[in-house]
**Q** 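Have a look at this one.
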Amino acid sequence: MPELPEVETVARGLRQHLVGRTITSVEVYCEGSIATPCPEEFRARLLGQQVRAVDRRGKFIVIGLQDSDLLVHLRMTGQLLVAPADQVCSLRHVRVALTLGDLRLLFNDARKFGRMALVPSAVEWLAALGPEPFDEQVTASTLAARSRNRRLPIKSLLLDQRFVAGVGNIYADEVLHAACIAPGRLACSLSYAEFEALLAALRSELQRAIADRGTTLSDYRDADGQSGRHQQALRVYGREGQPCPRCGRPIVRIRLGGRSSYHCPHCQK
DNA sequence: AACCTCACCTGCGGGC
DNA sequence: TGCCCGCAGGTGAGGT
C-alpha cells in the first residue's frame with residue numbers, strides 16, 4: 001500500500017525519533033520477514049549499532065547504521081511504528097521489534113509481504129531502482145527517450161520501479177488523471193507535450209500527498225500511528241461511478257495488469 | 001528482450 | 001448470524 005508519499009512520511013517520523021539512538025535488543029517473531037541475512041546474524045549484527053540517519057529511496061526506508069544499512073519495504077500492509085519501550089503492545093502482527101533505549105521500533109505487517117534487509121550498502125542494494133521523481137535529471141526528454149520502444153500501457157510503466165521509483169497504484173491513477181492521459185495508452189504513443197504534463201503531474205501529485213502526510217485507505221499509518229489525510233483529495237482512485245472532478249462524467253474502473261485502474265474516459269485521452 | 005499473470009498472505013466487506 | 005467469495009495500496013518468479 002504505502003507509496004512514495006507514505007514512505008516519505010514514515011521516514012521523516014522515524015528520523016525524528018531514532019537518529020543517534022543505539023539498538024539494545026532485537027526480537028524476530030517472523031523469520032520470513034527478514035530477507036537477509038539469516039535471523040541469527042540479523043540480530044547479532046544489529047545489536048549495539050547506532051542509527052546514523054533515516055532516509056527514503058523509492059518505497060524503501062533506509063535506516064543508516066554505523067557500518068551497514070537496514071532497509072525496510074512495507075509492501076501492502078507493513079507499518080513501522082515507534083512506541084515507548086515500556087508500553088504494552090496491542091498490535092496483532094508484530095514481525096520484528098527493535099529496542100533503542102527507552103523506545104521500541106515495531107515492524108507490524110498483517111499480510112507478511114513486507115521485508116527487512118540488513119545490507120552493507122543501501123546504494124548498491126538498490127542500484128536497479130529508477131530515479132527519484134524529484135531528481136533534476138528526470139526530464140520530459142529523458143522520460144520520452146526511455147519510453148520510445150515500450151509497447152506497454154503507460155500506467156504499467158509508471159508502476160515499474162526501474163522507470164521511476166516510488167509510484168504505486170493509487171498515485172499512478174491520480175497522476176494520469178491530472179495529466180489527462182488514459183492509463184491504457186501505450187507508453188511509446190505519448191507525445192512530448194504529454195510527457196511534460198506527465199512529469200509535472202507526477203511531481204505535483206506526490207508533493208501534495210506528502211504535504212497531506214499520505215493516503216490512508218485502510219492500513220497505512222505514520223511512525224507515530226497517525227493516518228494520512230490525502231484520501232480526501234483523491235480525484236479518481238476508488239471513485240468508480242462518481243463524477244470526474246474536472247468534467248462531471250462518471251469515473252470508470254478497468255482491469256489493467258491485474259489491478260484496478262480508475263480513470264475518466266472523457267477527459268483522459 | 002519485453003511483456004503479462006499469478007503467487008505470496010491475511011483481513012475485511014458484501015452478498016446470500 | 002455466519003459462510004463464502006472477491007478484493008486489497010507491491011513485487012518478482014515464471015510463462016508466453
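Below, chains carry the letters A, B, ... as their sequence lines are ordered, and counting in each starts from 1. Values reported hereafter were calculated over all heavy atoms of this structure, with side chains retained and with hydrogens, waters and symmetry mates removed.
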**Q** Under the criteria of a ring-centre distance below 5.5 Å and an interplanar angle below 30°, is A:F113 stacked with the base of B:dC8?
**A**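 Stacked: centres under 5.5 Å apart, planes under 30°.
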
**Q** Distance between the P atoms of B:dG11 and C:dG12, in whole angstroms?
**A**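 After rounding to an integer number of Å, I get 24 Å for this pair.
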
**Q** Output yes when at least one side-chain N/O atom of A:K112 is less than 4.0 Å from OP1 or OP2 of B:dC8, else no.
**A**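 For B:dC8, OP1/OP2 do not have a side-chain N/O of A:K112 under 4.0 Å.
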
**Q** If you compare every side-chain N and O of A:R150 against the phosphate oxygens of B:dC4 (OP1, OP2), does one of them come in below 4.0 Å?
**A**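 Answer no for this pair, as no side-chain N or O of A:R150 is under 4.0 Å from OP1 or OP2.
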
**Q** In whole angstrom, what separates A:K155's NZ from C:dG10's C1'?
**A**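 Whole-Å distance recorded here is 12 Å.
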
**Q** Could you check which nucleotide pairs with C:dT11 in any of the strands shown, counting Watson-Crick or G-U wobble with both distances under 3.5 Å?
**A**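 Pair assignment: C:dT11 / B:dA7.
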
**Q** Is any side-chain N or O of A:T77 closer than 4.0 Å to OP1 or OP2 of B:dT10?
**A**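 A:T77 to B:dT10 OP1/OP2: no side-chain N or O under 4.0 Å.
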
**Q** Go through B:dC4, C:dC7, C:dG10 for me and flag the one nearest to the A:R253 side chain.
**A**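 Nucleotide nearest to A:R253's side chain: C:dC7.
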
**Q** A:Q161 side chain N/O closer than 4.0 Å to the phosphate oxygens (OP1, OP2) of C:dT11?
**A**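 Yes.
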
**Q** B:dT5 and C:dC7: how far apart are their P atoms, nearest whole angstrom?
**A**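 Those two atoms are separated by 15 Å.
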
**Q** Using atom names, set out every protein N or O paired with an N or O of nucleotides 11-14 of chain B below 3.5 Å, distance rounded to 0.1 Å.
**A**
residue, atom, partner, partner atom, Å
B:dG11, OP1, A:H93, NE2, 3.4

**Q** Using the side-chain heavy atoms of A:K59, tell me which of these nucleotides is nearest: C:dG10, C:dC7, B:dC4.
**A**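 Selected nucleotide: C:dG10.
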
**Q** What is the distance from CG of A:D160 to C1' of B:dT5, rounded to the nearest Å?
**A**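 Nearest whole value for this atom pair: 15 Å.
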
**Q** Is the phosphate of C:dG10 approached by A:R259 (side-chain N or O, under 4.0 Å from OP1 or OP2)?
**A**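 Checking A:R259 against C:dG10: at least one side-chain N or O falls below 4.0 Å of OP1 or OP2.
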
